[in-house]
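Reading through the structure tokens given below for one structure.
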Amino acid sequence: MDFSFLDQLWLARIPLLKGLGVSVSISLLSIVVGTVLGVFVGLALVYGFRPFKWVVRGYTDFIRGTPVLVLVLASYYVLSMIGIDLGPFQAGVLALAVFCSSHVGELVRGALQSIPKGQTEAAKAIGLTFAQTFAYVLAPQALRQALPAWVNTAAEMVKASTLLSIIGVSELLLRTQEVISRTFMSLEFYFFAGFLYFVINYGIERFGRYVERKTAVPS
């Protein structure tokens with residue numbers, strides 16, 4: 001590796017670390033909020049009243065069929081036109097969380113519908129409420145089935161966070177581009193940014209493996 005790149009990397013360490021911190025924060029918030037919302041979306045798709053289920057189905061299909069970039073621009077520009085002023089960071093988190101919720105909702109729906117109905121009926125027969133049935137019977141099984149796909153969705157949120165530079169969020173990609181504009185070392189710094197994104201996604205993958213081991217049924 002060229003020592004001049006190492007020198008420039010050291011000089012740019014502060015903005016790059018700040019950009020990395022913003023990327024991690026946005027990704028974490030959008031994944032957590034999107035997952036929580038997605039659980040409720042999945043429950044509505046499976047157990048909701050029919051008119052409400054139709055509304056949630058329309059929401060899910062519309063969001064999943066809309067490019068993330070369009071959601072980002074809508075969250076920042078369209079909402080401001082109707083009096084909802086969000087900063088770039090808040091608008092970015094909202095857009096990614098909404099997109100994540102639609103995918104997680106489908107994962108939850110598919111996982112819940114794959115569980116035999118007899119288990120829900122058995123839970124009712126012994127006097128469990130719906131909340132108890134979901135917590136003790138349905139959720140553990142649904143988690144095992146949805147977890148691998150959820151890891152992929154979480155990784156997609158990390159990659160989608162790079163789109164937020166278009167509305168001025170100082171995340172890792174934008175910070176990298178600013179450094180490149182000063183040093184003209186495009187290949188080196190893009191490669192380094194790609195390595196950092198890989199580290200984040202690898203951490204998510206390892207977390208998913210850890211949860212999968214913890215929730216596995218003993219053989």
Side-chain angles (χ1 to χ4, degrees), residues 16 19-45 56-76 78-79 86 88-114 142-177 190-213 215:
L16 290 178
L20 177 62
V22 172
S23 292
V24 171
S25 300
I26 288 176
S27 301
L28 181 61
L29 286 172
S30 62
I31 291 169
V32 171
V33 176
T35 298
V36 173
L37 292 176
V39 170
F40 288 104
V41 169
L43 289 173
L45 289 174
V56 177
R57 168 51 61 192
Y59 161 83
T60 304
D61 291 343
F62 177 78
I63 297 299
R64 293 181 70 208
T66 303
V68 183
L69 181 59
V70 174
L71 294 176
V72 171
L73 295 175
S75 297
Y76 188 60
V78 176
L79 290 182
L86 298 178
F89 185 92
Q90 291 82 3
V93 171
L94 174 62
L96 296 186
V98 167
F99 189 76
C100 181
S101 70
S102 65
H103 286 265
V104 173
E106 279 297 309
L107 297 179
V108 173
R109 178 200 60 79
L112 290 174
Q113 289 183 337
S114 67
L143 175 63
R144 297 187 193 103
Q145 297 188 44
L147 186 61
W150 176 87
V151 171
N152 291 335
T153 300
E156 288 298 320
M157 293 304 100
V158 176
K159 290 183 281 188
S161 69
T162 60
L163 297 173
L164 302 187
S165 61
I166 198 171
I167 59 174
V169 178
S170 298
E171 43 74 59
L172 179 58
L173 180 61
L174 183 59
R175 294 286 189 174
T176 300
Q177 291 172 337
Y190 276 133
F191 180 83
F192 182 72
F195 170 74
L196 293 179
Y197 282 116
F198 166 77
V199 170
I200 297 173
N201 281 333
Y202 182 75
I204 293 174
E205 189 268 340
R206 297 309 302 173
F207 173 74
R209 292 285 183 88
Y210 171 78
V211 175
E212 190 174 1
R213 289 196 302 270
T215 59

Gap separating the [atom1] atom of [X] from the [atom2] atom of [Y], nearest 0.5 angstrom:
{"X": "Ile166", "Y": "Leu69", "atom1": "CD1", "atom2": "CG", "answer": "5.0 Å"}
{"X": "Leu96", "Y": "Ile26", "atom1": "CG", "atom2": "CD1", "answer": "7.0 Å"}
{"X": "Leu29", "Y": "Gln90", "atom1": "CG", "atom2": "CD", "answer": "10.0 Å"}
{"X": "Ile200", "Y": "Phe195", "atom1": "CD1", "atom2": "CZ", "answer": "11.0 Å"}
{"X": "His103", "Y": "Trp150", "atom1": "NE2", "atom2": "CH2", "answer": "14.5 Å"}
{"X": "Tyr76", "Y": "Leu94", "atom1": "OH", "atom2": "CG", "answer": "13.5 Å"}

| task | Ignoring hydrogens and angles, state whether a donor on the side chain of Ser101 or Tyr59 is under 3.5 Å from an acceptor on the partner side chain. | result |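 Tyr59 and Ser101 do have a side-chain donor-acceptor pair below 3.5 Å.
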Looking at [X] and [Y], what are the two nearest heavy atoms and their distance?
{"X": "Glu171", "Y": "Thr162", "result": "OE1-CA, 3.7 Å"}
{"X": "Ser75", "Y": "Ala95", "result": "OG-CB, 3.5 Å"}
{"X": "Ser165", "Y": "Leu174", "result": "CB-CB, 3.8 Å"}
{"X": "Val41", "Y": "Thr60", "result": "CG1-OG1, 3.6 Å"}
{"X": "Gly168", "Y": "Pro88", "result": "C-CB, 4.4 Å"}
{"X": "Ala149", "Y": "Leu107", "result": "CB-CD2, 3.4 Å"}

Say whether, by atom type as modelled, one donor and one acceptor occur between the side chain of [X] and the main chain of [Y] under 3.5 angstrom.
{"X": "Ser23", "Y": "Leu172", "result": "yes"}
{"X": "Ser27", "Y": "Val24", "result": "no"}
{"X": "Glu205", "Y": "Gly208", "result": "no"}

| message | Within the structure provided, determine whether Phe40 and Val56 are in side-chain contact (heavy-atom separation under 4.5 Å). | response | no
| If we only count heavy atoms from C-beta on, is the Leu73 to Val78 side-chain gap below 4.5 Å? |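 No; the side chains remain at least 4.5 Å from each other.
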| Do other residues, nucleotides or ligands put more than 12 heavy atoms under 6.0 Å from Arg64 CZ? |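 Enclosed.
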| request: Evaluate the side-chain hydrogen bond (donor to acceptor under 3.5 Å, both in side chains) criterion for residues Ser114 and Gln145: first the C-alpha distance (whole Å), next the side-chain angles of each, then the deciding distance (0.1 Å), finally the verdict. | output: CA-CA 9 Å; Ser114 67; Gln145 297 188 44; 2.6 Å; yes
| Residues Lys159, Asn201; criterion side-chain contact (heavy atoms from CB on, under 4.5 Å); working and verdict | CA-CA 9 Å; Lys159 290 183 281 188; Asn201 281 333; 4.1 Å; yes
| task | For a side chain to side chain contact (heavy atoms under 4.5 Å, CB included) with Ile204, tell me which candidate from Thr153, Leu28, Val158 qualifies. | result | Val158
